[in-house]
Student: 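Below is the structure I would like to discuss, written out as structure tokens.
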Amino acid sequence: MKKSALCLTITALSTLLLSSTAFAEPHPGKVLHEDNNCLKCHVDKPYNPQKTDTYPKLIKSVRFCNDNLGIGLFDDEIEELADYLNNTYYQHDK
Ligand code: HEC
């Protein structure tokens with residue numbers, strides 16, 4: 001194999017490896033969402049973008065559930081969760 005071809009192969013392989021690990025990494029907020037049983041209630045109570053109609057309200061709602069249910073998330077986790085819910089359900093501008 002020519003040296004340049006080998007170089008290309010290595011570049012292609014490492015790109016593939018890097019992008020596939022990036023792809024396999026779930027959103028941290030998705031993990032929090034699953035680990036904290038949010039869906040236990042929110043399957044029956046779907047997230048409603050008309051009701052929670054801005055991103056700051058979404059942060060408040062996540063904090064509301066966290067505080068009232070004693071879930072015990074940290075502030076940065078609340079933001080990650082809100083970001084995940086926003087990507088998945090709300091699609092509000094930030
Ligand atoms: C014990 C049941 C319960 C659990 C568990 C729960 N919630 Fe809630 N959540 C509620 C209720 C009740 C409301 C108020 C809904 C309403 O007023 O219609 C609400 C409202 C919300 C809203 C606003 C809903 C909307 O329509 O826009 C968000 C966002 C939310 N919760 C996120 C979460 C997250 C994130 C978790 C997990 C950390 C969580 N909730 C866990 C019961 C729950």
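In this chain, numbering begins with 1 at the start of the sequence shown. Ligands are counted one by one from 1 in listed order, and the atoms in each one are counted from 1 as well.
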Student: Would the distance check show the side chain of Glu34 and the main-chain N or O of Val31 forming a donor-acceptor pair, the cut-off being under 3.5 Å?
Tutor: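 No; zero donor-acceptor contacts below 3.5 Å.
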
Student: Within a distance under 4.0 Å of any heavy atom of Ser61, pick out the atoms of ligand 1 and give their elements.
Tutor: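 Reading through ligand 1 atom by atom, the close ones are 22 (C), 23 (C), 28 (C), 29 (C).
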
Student: Please write down residue, atom name and distance for the protein heavy atom closest to atom 36 (C) of ligand 1.
Tutor: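 Protein heavy atom with the smallest distance to atom 36 (C) of ligand 1: Cys38 SG, 2.8 Å.
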
Student: Using a plain distance cutoff, I'd like to know if Asn37 has any nitrogen or oxygen under 3.5 Å from a nitrogen or oxygen of ligand 1.
Tutor: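 So ligand 1 has no N or O lying under 3.5 Å from an N or O of Asn37.
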
Student: Check whether any side-chain heavy atom of Asp93 sits under 4.5 Å from a side-chain heavy atom of Tyr55, and report yes or no.
Tutor: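 A side-chain contact is absent here, since even the closest heavy-atom pair is not under 4.5 Å.
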
Student: Report yes or no: does Asn68 contribute a side-chain atom to a donor-acceptor pair with the main-chain N or O of Phe64 at less than 3.5 Å?
Tutor: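 A pair under 3.5 Å: yes.
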
Student: Whether the side chain of Asn36 engages the backbone of Leu32 through a donor-acceptor N/O pair (distance < 3.5 Å, no angle test) should be reported.
Tutor: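 Yes, because the side chain of Asn36 sits within donor-acceptor range (under 3.5 Å) of the backbone of Leu32.
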
Student: Counting only nitrogen or oxygen atoms and a 3.5 angstrom limit, does Asn36 reach ligand 1?
Tutor: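 Not met; the criterion fails.
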
Student: Have a look at Tyr90, Phe64, Tyr89 and point out the one with the heavy atom closest to atom 24 (C) of ligand 1.
Tutor: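 It is Tyr90 that holds the nearest heavy atom.
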
Student: Do the two ring centres, one from Tyr47 and one from His33, sit under 6.0 Å apart?
Tutor: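 Tyr47 vs His33: aromatic centres under 6.0 Å.
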
Student: Could you grab the angle centred on atom 8 (Fe) of ligand 1, going from SG in Cys65 to NE2 in His42, to 10°?
Tutor: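 Output for this angle: 180°, rounded to tens.
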
Student: Only heavy atoms of Leu58, strictly under 4.0 Å: list the atoms of ligand 1 that pass.
Tutor: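 Checking each atom against Leu58, I get 29 (C).
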
Student: What is the nearest protein non-hydrogen atom to atom 27 (O) of ligand 1, stated with its residue, atom name and distance?
Tutor: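 Answer, as residue, atom name and distance: Thr52 OG1, 2.3 Å.
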
Student: Keeping the roles fixed (side chain from His92, backbone from Lys57), state whether a donor-acceptor pair exists under 3.5 Å.
Tutor: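 Absent.
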
Student: Compare Cys41, Gly72, Pro46, Ala82 and give the one whose heavy atom is closest to atom 43 (C) of ligand 1.
Tutor: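 Looking at heavy atoms only, Cys41 sits closest to atom 43 (C) of ligand 1.
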
Student: Any chance you could measure Lys30, atom NZ, to Glu25, atom CD, to the nearest 0.5 Å?
Tutor: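 So the gap between those two atoms works out to 12.5 Å.
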
Student: Please report which non-hydrogen protein atom sits nearest to atom 26 (O) of ligand 1, along with the residue it belongs to and the distance in Å to one decimal place.
Tutor: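 Among all protein heavy atoms, the one nearest atom 26 (O) of ligand 1 is Asn48 N, 3.1 Å.
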
Student: May I ask you to list the atoms of ligand 1 that are less than 4.0 angstrom from any heavy atom of Lys45?
Tutor: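 Here the atoms of ligand 1 in question are 11 (C), 12 (C), 15 (C), 18 (O).
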
Student: With only distance considered, is Tyr47 within less than 3.5 Å of ligand 1 through an N or O on each side?
Tutor: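 No, no N or O pair falls under 3.5 Å.
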
Student: Nearest heavy atom to atom 4 (C) of ligand 1: which of Asn86, Asn66, Ile71, Leu69 does it belong to?
Tutor: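 When every heavy atom of Asn86, Asn66, Ile71, Leu69 is considered, Leu69 comes closest to atom 4 (C) of ligand 1.
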
Student: Give the residue and atom name of whichever protein heavy atom lies nearest to atom 17 (O) of ligand 1, and the separation in Å to one decimal.
Tutor: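 Minimum-distance protein heavy atom for atom 17 (O) of ligand 1 reads Lys51 NZ, 2.6 Å.
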
